[in-house]
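Counting starts at 1 for both ligands and their atoms, in listed order. All heavy atoms count here, side chains included; hydrogens, waters and symmetry mates do not.
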Amino acid sequence: MADQAFVTLATNDNYAKGAMVLGQSLRNHKTSKQLVVMIGPYVSDPSRAVLRQIYDEVRLVDVLDSGDRAHLAMMKRPDLGVTFTKLHCWALTHYSKCVFMDADTLVVSNVDELFDREELSAAPDPGWPDCFNSGVFVFRPSKETYDKLLQFCTEHGSFDGGDQGVLNAFFSDWATTDINKHLPFIYNLSSVAIYTYAPAFKQFGSNAKVVHFLGNTKPWSYTFDPKARSVRGDVQEASSNPSFLLEWWTVYASSVVPMMNREYGDQPFHSGCEEEETPVPPQPSLSSLERKQRWEQGQADYMGMDSFENIQKKLDAFLK
Ligand code: UDP
Ligand code: GLC
Ligand code: MN
């Protein structure tokens, strides 16, 4: 349908990789909707060219930043002030209904049925389930709502420094008013929840329709060996979570990298697909408490301190 669209956002080339994979995954699962990506001015020309091949509309927007360092520091995500830019999606008034999806989400099954839902439908946030996670939500573009949202930001700011805090305060009756606005968790399955409630993942995980790589470490933070078809540095290889990571890399390596190589021409393009062993750059040191917290949030530093090799060394030392 021409007046319904999936919408995402990328303010830089890394998130643009995510947007390319997301768009391609929507195409692979035969969506009948329009695809829109909002980009910031720092997205490079080759990335824009590839996005134009995948998306129906590539729309340049101003980057909005909450500048709220205190709240962002509490989330340990100083980079997320720019997620205020997401709010521009309400200005896409040439569509009557849209589904916003973070650039770090991946569609593993057709999800066009989301358009049967109303604004504002979203899945619970795994960290605080009375809030919705703003990585996937159904909305209706409207100049009136857009103006009200920007006004709301100016007057109240955001309790988490990002868009999710504003949107939850603005659509504050989400938790209690209409159960139809609660999307099933399989439309926004986050890796964090897989780690915290493994039996539920074992029971329901195979029904996943959208996977959300929420948190500091994104799929593009890893490297991939296309010959061995393996994501490098991942000690959880045997569990079901790495299979989603592998799916992301498979779409990226098979569809996105060839398009990027064409656009880059003679210039070097670092795809992250490498067959040779690459040296691991030195990591900033963390306190053992911070390290423990990251583990518990499913953000182990698989490439560095928490690499399989280091864990093995520790175990060997312990057994001796
Ligand atoms: N985003 C972006 N540039 C940034 C940070 C975020 O374009 O520097 C966009 C992107 O669409 C991303 C979304 O904002 O998916 C939310 O950020 P992120 O997914 O990193 O947050 P998380 O889901 O990990 O909390
Ligand atoms: C969340 C959401 C993300 C949002 C961020 C900042 O964790 O997953 O979409 O941008 O918080 O509010
Ligand atoms: Mn996200």
Side-chain angles (χ1 to χ4, degrees), residues 6-23 25-26 35-44 47-48 51 55 58-89 98-107 120 122-129 131-137 139 149 152-153 156-171 174 183 185 187-193 210-221 244 248 294 297-299:
F6 285 101
V7 181
T8 190
L9 164 70
T11 64
N12 59 41
D13 275 4
N14 271 333
Y15 282 94
K17 290 181 187 172
M20 291 167 197
V21 171
L22 167 63
S25 70
L26 283 158
L35 302 189
V36 180
V37 58
M38 303 187 292
I39 58 164
Y42 299 120
V43 174
S44 68
S47 295
R48 291 180 193 207
L51 287 170
Y55 282 81
V58 177
R59 199 181 175 91
L60 185 65
V61 295
D62 295 333
V63 172
L64 302 178
D65 193 331
S66 71
D68 183 350
R69 287 195 179 72
H71 285 121
L72 293 166
M74 281 174 74
M75 284 210 292
K76 300 200 172 60
R77 291 296 300 274
D79 54 321
L80 289 190
V82 298
T83 64
F84 266 29
T85 314
K86 236 189 238 186
L87 304 178
H88 287 311
C89 69
C98 296
V99 172
F100 182 90
M101 301 186 74
D102 267 9
D104 60 344
T105 58
L106 172 75
V107 164
L120 185 289
D125 184 81
W128 196 267
C131 288
F132 59 84
N133 181 273
S134 63
V136 177
F137 60 87
F139 71 102
L149 269 167
F152 191 92
C153 289
H156 307 279
S158 162
F159 70 76
D160 72 359
D163 64 292
Q164 183 163 306
V166 184
L167 290 174
N168 272 276
F170 190 84
F171 294 100
W174 172 84
L183 295 181
F185 200 54
Y187 289 98
N188 187 350
L189 178 73
S190 75
S191 40
V192 184
V210 178
V211 179
H212 186 177
F213 298 97
L214 189 148
N216 247 318
T217 313
K218 300 301 186 196
W220 52 87
S221 320
F244 293 134
W248 189 96
R294 291 205 183 176
Q297 292 164 358
Q299 294 174 358

Asker: Quick one: does D79 get an N or O within less than 3.5 Å of an N or O on ligand 1?
Answerer: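 Between D79 and ligand 1 (N or O atoms, distance only) the closest approach is not under 3.5 Å.
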Asker: Contact between ligand 2 and K86 is defined here as a heavy atom of the residue under 4.0 Å from a ligand atom; is it met?
Answerer: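 Judged by the 4.0 Å heavy-atom criterion, K86 does count as contacting ligand 2.
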Asker: For atom 19 (O) of ligand 1, what's the nearest protein heavy atom and its distance?
Answerer: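 The answer is D104 OD2, 2.9 Å.
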Asker: Who's the nearest protein heavy-atom neighbour of atom 17 (O) of ligand 1, and how far?
Answerer: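 For atom 17 (O) of ligand 1, the nearest protein heavy atom comes out as L80 CD2, 3.5 Å.
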Asker: On a heavy-atom basis, I'd like to know which of V7, D65, L9 is closest to atom 11 (O) of ligand 1.
Answerer: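 It is L9 whose heavy atom sits nearest to atom 11 (O) of ligand 1.
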Asker: Below 4.0 angstrom from a heavy atom of T83, which ligand 2 atoms are there? Numbered from 1 as shown, please.
Answerer: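 Contacts of ligand 2 toward T83, numbered from 1: 6 (C), 10 (O).
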Asker: Mark up the atoms of ligand 2 that fall under 4.0 Å of a heavy atom belonging to D160, in ascending order.
Answerer: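 It comes down to these atoms of ligand 2: 6 (C), 12 (O).
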Asker: Considering only the protein, which heavy-atom contact is closest to atom 8 (O) of ligand 2, and what is its distance?
Answerer: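 Minimum-distance protein heavy atom for atom 8 (O) of ligand 2 reads N133 ND2, 3.1 Å.
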Asker: Going by the atom numbers of ligand 2, which of them fall below 4.0 Å from some non-hydrogen atom of L214?
Answerer: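 This gives 8 (O) as the contact atoms.
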Asker: Could you pull out the N/O/S protein atoms under 2.8 Å of the Mn ion (ligand 3), ignoring any water?
Answerer: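 Sorted hits: D102 OD2, D104 OD1, D104 OD2, H212 NE2.
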Asker: Which of the atoms in ligand 1, numbered in the order shown and given with their element, are less than 4.0 Å from a heavy-atom of A10?
Answerer: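 Those qualifying, in numeric order: 7 (O).
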Asker: For T83, take its heavy atoms, then give the atoms of ligand 1 lying under 4.0 Å from any of them.
Answerer: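 Listed by number with element: 6 (C), 14 (O), 16 (C), 17 (O).
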Asker: So which atom in L72 and which in G81 form the shortest heavy-atom distance, rounded to 0.1 Å?
Answerer: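 Shortest heavy-atom separation between L72 and G81 comes out as CD1-N, 3.6 Å.
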Asker: Under 4.0 Å from a heavy atom of K218: which atoms of ligand 1 are those, numbered in the order shown and with their elements?
Answerer: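 Under 4.0 Å from K218, ligand 1 has these atoms: 18 (P), 19 (O), 20 (O), 22 (P), 24 (O).
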Asker: Report yes if some N/O of Q164 lies less than 3.5 Å from some N/O of ligand 2; otherwise report no.
Answerer: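 Among all N and O atoms of Q164, at least one is under 3.5 Å from an N or O of ligand 2.
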Asker: Identify which of D102, D125, D163 has a heavy atom lying nearest to atom 16 (C) of ligand 1.
Answerer: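 The option holding the nearest heavy atom is D102.
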Asker: Which atoms of ligand 1 are found less than 4.0 Å from any heavy atom of V82?
Answerer: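 So the answer, numbered in order with elements, is 3 (N), 4 (C), 5 (C), 8 (O).
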Asker: Can you tell me the protein heavy atom closest to atom 4 (C) of ligand 2 and the distance?
Answerer: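 So the nearest neighbour among protein heavy atoms is D163 OD1, 3.2 Å.
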Asker: Mind checking whether Q164 has a heavy atom under 4.0 Å from ligand 1?
Answerer: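 Judged by the 4.0 Å heavy-atom criterion, Q164 does not count as contacting ligand 1.
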Asker: Any idea which atoms of ligand 2 are less than 4.0 Å away from a heavy-atom of S134?
Answerer: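 The list of qualifying atoms is 2 (C), 3 (C), 4 (C), 9 (O).
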Asker: For G127, is there any backbone N or O sitting under 3.5 Å from a side-chain donor or acceptor partner on D125?
Answerer: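 Here the side-chain-to-backbone pair exists.
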Asker: Which of the atoms of ligand 1 are close to H212, meaning less than 4.0 Å from one of its heavy atoms?
Answerer: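 Counting atoms of ligand 1 from 1, those under 4.0 Å from H212 are 23 (O).
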Asker: Can you list the ligand 2 atoms lying under 4.0 Å from a non-hydrogen atom of G135?
Answerer: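 Atoms satisfying the 4.0 Å criterion: 9 (O).
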Asker: How long is the gap from CD1 on I39 to OH on Y55, to the nearest 0.5 Å?
Answerer: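 I39 atom CD1 to Y55 atom OH measures 11.5 Å (nearest 0.5 Å).
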